Peer 1: 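Sharing a structure below in structure tokens format, with a few things to ask.
Keep in mind the model is a prediction, meaning the values are calculated, not measured.
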Amino acid sequence: MVIKMKLYRKKIFMLTTLLLFLVVLIFTAVYLKSVADYKKAVKETTFSDIDIGNIPDGTYIGEYDVNFIYARVEVTVRDGAITNIDILEHKNERGKAAEIVTDRIIAEQKTDVDAVSGATNSSTVIKKAVENALQNTNA
């Protein structure tokens, strides 16, 4: 009886261990797929040429989301120029440094500026959020 009990416990332990391993394996696969999708979305992000001089004065909201990184910005246009960009929300991994890309956009008056080194993906998301704001001006 004692031997049967030990075998039964051993089987339960083995099945529990196998089940736990399978659950971890599935979660790992789902996570890795999400990371691959995020990297693909950033890589495939393109920018359009926007004639800022044709955008009416105003304040415009834009956002861009690639799952792991998200940005929501408020862009102010006055007299045919971008005068201010406020980052309303920036969900990032290690890309906080990318937020200075808004200074480059204002200085160069275009959205497709050089990314911040070490924060390329966040830079891309912020730049695209600004572009989306400028495209939603109803001009």
Peer 1: Grouping I, L, V, M, F, W and Y whenever their side-chain heavy atoms are under 4.5 Å apart, do Ile100 and Val113 come out in a common cluster?
Peer 2: yes
Peer 1: Checking Asn92 side chain against His90 main chain: does a donor-acceptor pair fall under 3.5 Å?
Peer 2: yes
Peer 1: According to side chain to side chain donor-acceptor pair (under 3.5 Å), who are the partners of Glu108, at least two apart in sequence or on a separate chain?
Peer 2: none
Peer 1: Is the backbone of Ile106 close enough, under 3.5 Å, to the side chain of Gln109 for a donor and an acceptor to pair up by distance?
Peer 2: yes
Peer 1: Rounded to the nearest 0.5 Å, what separates atom CG in Asp79 from atom CD1 in Ile52?
Peer 2: 13.5 Å
Peer 1: Is there side-chain contact between Thr124 and Phe47, with at least one heavy-atom pair below 4.5 Å?
Peer 2: yes
Peer 1: Ignoring hydrogens and angles, state whether a donor on the side chain of Tyr60 or Asn132 is under 3.5 Å from an acceptor on the partner side chain.
Peer 2: no
Peer 1: Test your reading of the model: is there a side-chain donor-acceptor pair from Lys91 to the backbone of Asn67, 3.5 Å cut-off?
Peer 2: yes
Peer 1: Would you list the atom pairs, donor with acceptor, under 3.5 Å between side chains in residues 69-76 and any protein atom, with sequence neighbours excluded?
Peer 2:
unit_1, atom_1, unit_2, atom_2, d
Tyr70, OH, Glu63, OE1, 2.4

Peer 1: Can you tell me if Lys40 has over 12 outside heavy atoms packed within less than 6.0 Å of its NZ?
Peer 2: no
Peer 1: Rounded to the nearest 0.5 Å, what separation is found between the CG atom of Asp114 and the OG1 atom of Thr120?
Peer 2: 10.0 Å
Peer 1: What's the shortest heavy-atom distance between Ser123 and Val116, and which atoms?
Peer 2: OG-N, 3.0 Å
Peer 1: Could you list the residues that satisfy salt bridge (Lys or Arg N to Asp or Glu O under 4.0 Å) with Lys96, not counting sequence neighbours?
Peer 2: Glu99
Peer 1: Does CG in Asp51 sit with more than 12 non-hydrogen atoms of other residues, nucleotides or ligands closer than 6.0 Å?
Peer 2: yes
Peer 1: If you look at every heavy atom in Ala133 and Gly62, which pair is closest and at what distance?
Peer 2: CB-N, 3.4 Å
Peer 1: May I ask whether Ile55 and Ile105 are part of the same hydrophobic cluster, defined by side-chain heavy atoms of I, L, V, M, F, W, Y residues being less than 4.5 angstrom apart, directly or through others?
Peer 2: yes
Peer 1: Could you tell me if the side chain of Lys110 sits less than 4.5 Å from the side chain of Ile50, heavy atoms only?
Peer 2: no
Peer 1: Considering only heavy atoms from C-beta outward, does the side chain of Ile85 approach that of Ile126 to under 4.5 Å?
Peer 2: no
Peer 1: Please collect all salt bridge (Lys or Arg N to Asp or Glu O under 4.0 Å) contacts where either partner lies in residues 115-134, sequence neighbours excluded, each pair once.
Peer 2: Asp112-Lys127, Lys128-Glu131
Peer 1: Not counting sequence neighbours, which residues clear side chain to side chain donor-acceptor pair (under 3.5 Å) with Thr45? List them please.
Peer 2: Tyr64
Peer 1: Looking at every non-hydrogen atom in both residues, tell me the closest pair between Gly95 and Ala119 and how far apart they are.
Peer 2: CA-CB, 4.0 Å
Peer 1: Indicate every side-chain donor-acceptor pair of residues 22-37 with a distance under 3.5 Å to a residue at least two apart or in another chain.
Peer 2:
unit_1, atom_1, unit_2, atom_2, d
Thr28, OG1, Val24, O, 2.8
Lys33, NZ, Asp37, OD1, 2.8
Lys33, NZ, Asp37, OD2, 3.2
Ser34, OG, Val30, O, 3.1

